[in-house]
Amino acid sequence: MTLDELKDQIKTIQLQFETETSAEGLRTKYLGKKGLFNLLAKSIGKVDLDSRVKAGQQLNFLKAYLNNKITQKERQVQANLPWLDFTLPGLKPKVGHVHPISQAMAEITGIFERIGFTRVRYPEVDWDWYVFESLNMPPNHPARDEWETFFVDTPVDQKKGKLVLTTHTSNGQVREMERLGSQPPIRMINIARCYRRQQDATHTQMFHQFEGLVVDKGINIQHLKGTLDYFAQEFYGPGTKSRIRPFHFQFTEPSFEVDFSCHICGGTGQVDGNKCKFCKSGWHEVGGAGMVHPNVLKAGGIDPEVYTGFAFGWGVERTYTLKEGLNIDDIRLLYSGDLRFLEQF
Ligand code: PHE
């Protein structure tokens with residue numbers, strides 16, 4: 001055997017070793033009595049005399065090489081390290097996307113920012129004072145029953161009362177008046193989580209509301225109606241109309257419920273001579289609105305003889321699920337964390 005042939009065989013053993021994926025049995029296979037190394041070492045007797053010294057060096061090198069590599073692998077197994085094959089193609093991380101309700105909130109914010117509203121955020125665990133009392137609802141007032149409130153079990157503040165999970169974003173009204181030092185003009189859009197003790201196909205205990213508040217000199221119902229029509233067209237598409245119906249809230253006077261015309265039947269309530277299945281009446285009720293009650297302005301340090309304002313507020317989830325083509329009949333799905341559902345948006 002020539003020295004070159006020996007070197008070729010050494011190379012072959014090294015290449016074979018590189019394909020090993022587990023450490024198990026390696027030592028016996030390569031360095032054992034009947035292992036590949038010994039098998040090759042025996043052939044040194046067949047190498048030409050004048051090359052034998054070099055052949056010996058080459059074999060020593062191979063032995064050290066194998067010993068090192070095997071020890072390395074054994075250590076990895078001991079340390080419980082996985083054997084990494086850096087030549088394997090990488091795993092693509094899953095790319096997520098913005099939750100549909102976050103998308104809706106961003107869209108709503110944009111629509112109001114275009115007409116000069118400022119997006120604000122206020123605490124979602126807030127004092128009774130901001131959630132109820134400053135909104136013209138004294139303690140024990142029956143109107144409070146409409147809001148299925150979660151109370152927080154903490155000490156009561158002498159002035160601001162109990163802590164509650166905000167039942168509506170109206171807690172932002174007096175807070176915004178205070179933030180601006182009771183100095184109108186105010187054009188606020190407050191979007192936040194709200195909480196109520198109810199859960200079914202159209203209610204989740206945690207949901208979102210957005211609240212508009214405008215206070216300035218000479219603000220009247222036409223400004224409110226114009227704002228609602230503007231929102232309806234921007235969010236639901238051209239031709240969508242808003243309708244206000246008399247209602248009652250403690251913090252607005254007069255108060256209204258707000259409806260938007262149905263995009264399926266165009267507000268007529270009829271599809272091909274039959275009742276529209278989506279709305280039944282031509283309209284979808286979405287939320288509440290009204291002219292800010294003088295007592296609320298006073299609670300925020302604003303003189304109701306000089307300034308007037310309007311406010312509106314309702315659920316992001318409901319507003320969103322009425323969008324054309326969505327067909328979400330159970331809003332609990334939005335918070336199910338089910339990717340099969342969420343990835344459609
Ligand atoms: N906060 C009321 C609700 O949650 C809605 C509302 C907001 C009504 C502003 C009037 C003015 O039902």
Side-chain angles (χ1 to χ4, degrees), residues 105 108 112 117 119-124 126-137 141-150 164-177 186-198 202-216 219-228 231-232 242-260 284-300 302 304 307-320 322 331:
M105 292 194 288
I108 292 165
F112 285 105
F117 284 61
R119 162 98 195 260
V120 295
R121 314 187 70 149
Y122 287 115
E124 291 162 0
D126 207 356
W127 300 105
D128 183 294
W129 166 257
Y130 290 110
V131 181
F132 294 120
E133 201 167 342
S134 69
L135 299 176
N136 200 30
M137 280 181 272
H141 194 285
R144 288 174 170 228
D145 295 349
E146 287 165 38
W147 287 274
E148 306 265 331
T149 312
F150 286 107
V164 303
L165 302 190
T166 47
T167 53
H168 53 182
T169 41
S170 301
N171 70 313
Q173 292 194 16
V174 169
R175 280 191 172 274
E176 178 72 351
M177 296 177 200
I186 295 172
R187 284 187 216 99
M188 164 192 95
I189 188 82
N190 174 31
I191 313 185
R193 289 186 193 87
C194 299
Y195 304 85
R196 292 187 196 175
R197 285 186 289 109
Q198 45 186 200
T202 52
H203 298 91
T204 46
Q205 287 168 326
M206 187 283 299
F207 60 103
H208 298 77
Q209 277 196 344
F210 62 103
E211 181 100 3
L213 174 71
V214 171
V215 181
D216 207 345
I219 296 294
N220 60 44
I221 296 176
Q222 296 183 51
H223 297 123
L224 167 63
K225 185 65 168 64
T227 306
L228 297 174
F231 175 77
S242 77
R243 176 172 85 170
I244 52 177
R245 289 176 287 107
F247 198 65
H248 172 262
F249 293 104
Q250 278 296 112
F251 34 95
T252 44
E253 181 57 38
S255 301
F256 309 103
E257 273 192 320
V258 179
D259 301 341
F260 290 134
H284 294 287
E285 187 221 312
V286 288
M291 301 306 293
V292 181
H293 195 286
N295 288 351
V296 178
L297 291 171
K298 277 190 218 159
I302 293 175
Y307 293 104
T308 50
F310 67 78
F312 58 85
W314 58 87
V316 175
E317 285 79 357
R318 168 138 178 92
T319 308
Y320 175 67
L322 291 175
I331 72 165

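Each ligand, and each atom within it, is numbered from 1 in the order the structure gives.
- One N or O on the side chain of H168 and one on the backbone of V131 form a donor-acceptor pair closer than 3.5 Å.
- When ring centroids are compared, F312 and F251 stay outside the 6.0 Å threshold.
- Scored by the side chain to side chain donor-acceptor pair (under 3.5 Å) test, Q209 finds T169 as partners (sequence neighbours excluded).
- At a heavy-atom cutoff of 4.0 Å, ligand 1 is surrounded by W147, H168, S170, Q173, R196, Q209, E211, F249, F251, T252, G288, A289, A311, F312, G313.
- Here F310 and F256 keep their ring centres 6.0 angstrom or further from each other.
- A salt bridge between R196 and E148 is absent, with no side-chain N of the basic residue lying under 4.0 Å from a carboxylate O of the acidic one.
- With K225 contributing its side chain and S242 its backbone, the two residues share a donor-acceptor pair below 3.5 Å.
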